[in-house]
Number of protein chains: 2
Amino acid sequence: MKKTGIRDVAKASGVSISTVSRAFTRPDLVSEKTRRKILKTADSLDFNISRSATALKSGQTYRVALLMNEEITSWFNTQVFAGIDSVMHKAGYDVDLFEHIDTAKNRSDFFTTLPVRCNVDAVFVASFAVDPHEAKRLRRIHVPIVGINTPTTANSDASISIDDEQGMYVATRHLIELGRHNLAYACSDPVTSINSSIDARTTGFVRACREAATTRDLDWRIVSVPRGKAFADSALEALLTLEDFPDGICCQIDMMAIPLMIKLAGRGHTCPRDYSLVGFDDSPYADTVNLTTMRQDPYLMGMKAASKALSLINGHAPDHAHETVTPELILRGSDAPRETTDAIQTDARPTQANIITG
Amino acid sequence: MKKTGIRDVAKASGVSISTVSRAFTRPDLVSEKTRRKILKTADSLDFNISRSATALKSGQTYRVALLMNEEITSWFNTQVFAGIDSVMHKAGYDVDLFEHIDTAKNRSDFFTTLPVRCNVDAVFVASFAVDPHEAKRLRRIHVPIVGINTPTTANSDASISIDDEQGMYVATRHLIELGRHNLAYACSDPVTSINSSIDARTTGFVRACREAATTRDLDWRIVSVPRGKAFADSALEALLTLEDFPDGICCQIDMMAIPLMIKLAGRGHTCPRDYSLVGFDDSPYADTVNLTTMRQDPYLMGMKAASKALSLINGHAPDHAHETVTPELILRGSDAPRETTDAIQTDARPTQANIITG
DNA sequence: TTGAAAGCGCTACCAG
DNA sequence: CTGGTAGCGCTTTCAA
């Protein structure tokens, strides 16, 4: 059984294929009556315009690539993807995912093979640096590059990035202003091959500490642990090993802060009673555990990146090609001034519920 | 500046376009030498085969659709998507996401518009029931349908589902065997328009309770709360409202269990001292909070669903068209026999870490 | 407002 | 092993 094609519809509605085509893509050029008949016939024949043919004819691919370090399943990457997809999908584009452009091998595979060339209308790069040589290679395929949290603005046509350095600076300042004077920064070892934007957070921490240390007593240290499933446990042990347990901890990401908060409590260090804790991301469960954190909105960043890409594809320069957003300090319950010793309050709200008893 | 096409490459390497084409797609049909020259030329010209043209020619679309209730950003949906994408992407397919096929409106928009018809080679349906009428409509477009956690097997050509009913039955039995006799099941109100597979878990809980209640004293109840951001808080309040606080709580999902565990502790109910708790999913932080839970692996389910789809697309029936997987009880620390009153132990492992002091 | 026809870039059949 | 060529389904210009 052959699939219905545009000419079947044309025949069945007694018009030419040009008219059928127009009925779908330029409704205004077809008389109301004809158009209605065509649409009805098409529907009953289960016909739809072929995207491949349209794409081929148009010279566009209606496809974009999203390059990510690590997996899509991390909170940040999922949000970015969902944000991009929400606008690109609506605009008629598919988004092709390329994960793990992080190891030297995958990276070189990708950039020498360049599977995307001639097959995408734009490429998004999330959370890592494209090196100039790679950028040039990408650029040669005449496709706009838009960066999301790329460490530099240099190798893309547009970008949107969170100010990681400043964000962690603010978080650290917050702890310092609370009177904390023995700080630790818990983070994962940087991936040397990738220059992830997240590493700028360390710089922010260090800057705040150095600055404060000039005018008052301040101890601080960086606790950097190997990546991997047990990274939070590693940090936990490392912190417990310190001769003086810190009275303030900044975490590179909430996924570090949350396990730390929970497990430190099990080891006798309760926050904010014994120390103040601040995270970064405002990712899932940050509110549940009442974590004070720097909020960023990667979904929105994805959407904005997609808009920029769309502009670029259509030949206009985007309004703000390179945009920086500032994360916001969300004050919850994991931080407290030096004196306070309150336990964390979980916020309880009124509720409605069905109770079914057996 | 015109884009390089297959004929530029043909000309530049002194062969015909057929040969160029074959060099890419049927390397074995081209002499080693010729092929190498072509590939080199193509590379230097930044040429690549056009997927749109290939698709058009082949009659396939090299695109599949993934229909989801709710957002892709939930843990389950992300995992499924990532699993599907990992195999489909490798096989040369794009996956198109259609989120929120859950409200009556979105649903009818989708199924009357059917934006996918003629434009995908397969459709995946995740976590909700396609009704027979919709299935027929989908089927008419001659595209295999593969279900993931669909409540029934009837409206798909292949499927892979977790046994939600049995899973929750096992979880509940576990609590009963521990000697718990006052059980609560915490869940979200079902979405009436959607018949999500997750609702079968309730049935499993009820079955275990009814069964046990015939031979011994057992109180049980279902605490069902409205969906939405505050669902765990609603459940919390509802539980605290009960005249006798339960000594065993089953949660529909870990995202219910985890906040409950944390917030109940803040309200004086510590698990497993005061009650036993079991979740469902083994999603992020379940291990961190030491939650006993039923594990499922949606990433793997996605991969398997994708393999089935690939078989179907290529005309072979998949090995097991309809597959059911059984979730696995992961014993951690949130459950205990009636007597025990130990506090939760977080597991601490040895570690290596760099300590950098400022 | 509609129709005829060229051609997007590729693949596959058929010849050589 | 290689080349010529028809045609996949659509859009678009040009004519009517």
Side-chain angles (χ1 to χ4, degrees), chain A residues 1-39 41-42 45-63 92 115-121 141-142, chain B residues 1-39 41-42 45-63 92 115-121 141-142:
Chain A
M1 176 198 276
K2 225 188 115 296
K3 241 179 50 186
T4 331
I6 197 171
R7 46 187 126 241
D8 303 297
V9 178
K11 205 172 308 164
S13 20
V15 296
S16 72
I17 57 170
S18 326
T19 306
V20 175
S21 172
R22 281 187 287 251
F24 279 92
T25 49
R26 264 154 187 47
D28 45 306
L29 299 185
V30 177
S31 80
E32 173 66 19
K33 203 178 60 189
T34 320
R35 202 187 65 211
R36 203 142 46 201
K37 183 169 49 182
I38 292 172
L39 260 23
T41 319
L45 260 38
D46 286 313
F47 168 81
N48 213 351
I49 295 288
S50 151
R51 291 185 46 194
S52 309
T54 305
L56 176 57
K57 184 62 189 170
S58 75
Q60 288 194 44
T61 64
Y62 289 100
R63 205 179 294 116
V116 299
R117 58 170 122 163
C118 306
N119 279 305
V120 297
D121 298 328
I141 65 182
H142 305 299
Chain B
M1 177 199 275
K2 226 187 116 296
K3 243 181 44 189
T4 333
I6 197 170
R7 47 188 125 239
D8 302 298
V9 179
K11 204 172 310 163
S13 20
V15 296
S16 72
I17 58 171
S18 325
T19 305
V20 176
S21 173
R22 280 187 288 252
F24 279 93
T25 50
R26 262 151 189 48
D28 46 306
L29 299 186
V30 178
S31 80
E32 173 66 19
K33 204 179 57 187
T34 321
R35 202 186 67 210
R36 203 144 44 203
K37 183 169 48 179
I38 292 172
L39 261 22
T41 320
L45 259 39
D46 287 313
F47 168 81
N48 212 351
I49 295 289
S50 151
R51 290 184 48 195
S52 309
T54 305
L56 176 57
K57 181 66 188 168
S58 74
Q60 288 193 43
T61 64
Y62 288 101
R63 205 179 292 115
V116 299
R117 57 170 124 164
C118 307
N119 278 306
V120 297
D121 297 329
I141 66 181
H142 306 300

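The chains referred to below are lettered A, B, ... by the order of the sequence lines, with proteins before strands, and numbering in each begins at 1. Side-chain atoms are counted along with the backbone in the values below, which use heavy atoms only and exclude waters and symmetry mates.
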- Task: Using heavy atoms and a sub-4.0 Å distance, could you list which residues of residues 18-30 of chain B are near DNA chain C? By number, please.
- Result: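 Within residues 18-30 of chain B, the residues near DNA chain C are B/S18, B/S21, B/R22, B/T25.
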
- If you find the nucleotide of DNA chain D closest to B/I17 and the one closest to B/S31, which residue's nucleotide is nearer the 5' end?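 Between the two, 5'-proximity favours B/S31.
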
- Mapping A/S58 and B/G14 onto DNA chain D by nearest heavy atom, which one lands closer to the 5' end?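 Per heavy-atom nearest nucleotide, the more 5' residue is B/G14.
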
- Return no unless some side-chain N or O of A/S16 is found under 4.0 Å from OP1 or OP2 of C/dG3.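 Answer is yes, contact under 4.0 Å.
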
What integer distance in Å separates [X]:[atom1] from [N]:[atom2]?
{"X": "B/I49", "N": "C/dA12", "atom1": "CD1", "atom2": "C1'", "result": "13 Å"}
{"X": "B/R36", "N": "D/dT2", "atom1": "CZ", "atom2": "P", "result": "13 Å"}
{"X": "B/K11", "N": "C/dG9", "atom1": "NZ", "atom2": "C1'", "result": "14 Å"}
{"X": "A/D8", "N": "D/dG9", "atom1": "CG", "atom2": "P", "result": "9 Å"}
{"X": "A/K57", "N": "D/dT11", "atom1": "NZ", "atom2": "P", "result": "9 Å"}
{"X": "B/I6", "N": "C/dG7", "atom1": "CD1", "atom2": "C1'", "result": "15 Å"}

- So do B/R26 and B/V30 actually touch side chain to side chain, heavy atoms under 4.5 Å? no

- Message: Using a 4.0 Å heavy-atom cut-off, does A/T34 contact any base of the nucleic acid, only the sugar-phosphate backbone, or nothing at all?
- Response: sugar-phosphate

- Message: Mind checking if A/N119 touches a base, just sugar-phosphate, or nothing, with heavy atoms under 4.0 Å?
- Response: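 The residue A/N119 makes no contact with any strand.
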
- Take B/R7 and A/R35, find for each the nucleotide of DNA chain C with the closest heavy atom, and name the residue whose nucleotide sits nearer the 5' end.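 Nearest-nucleotide comparison on DNA chain C picks A/R35.
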
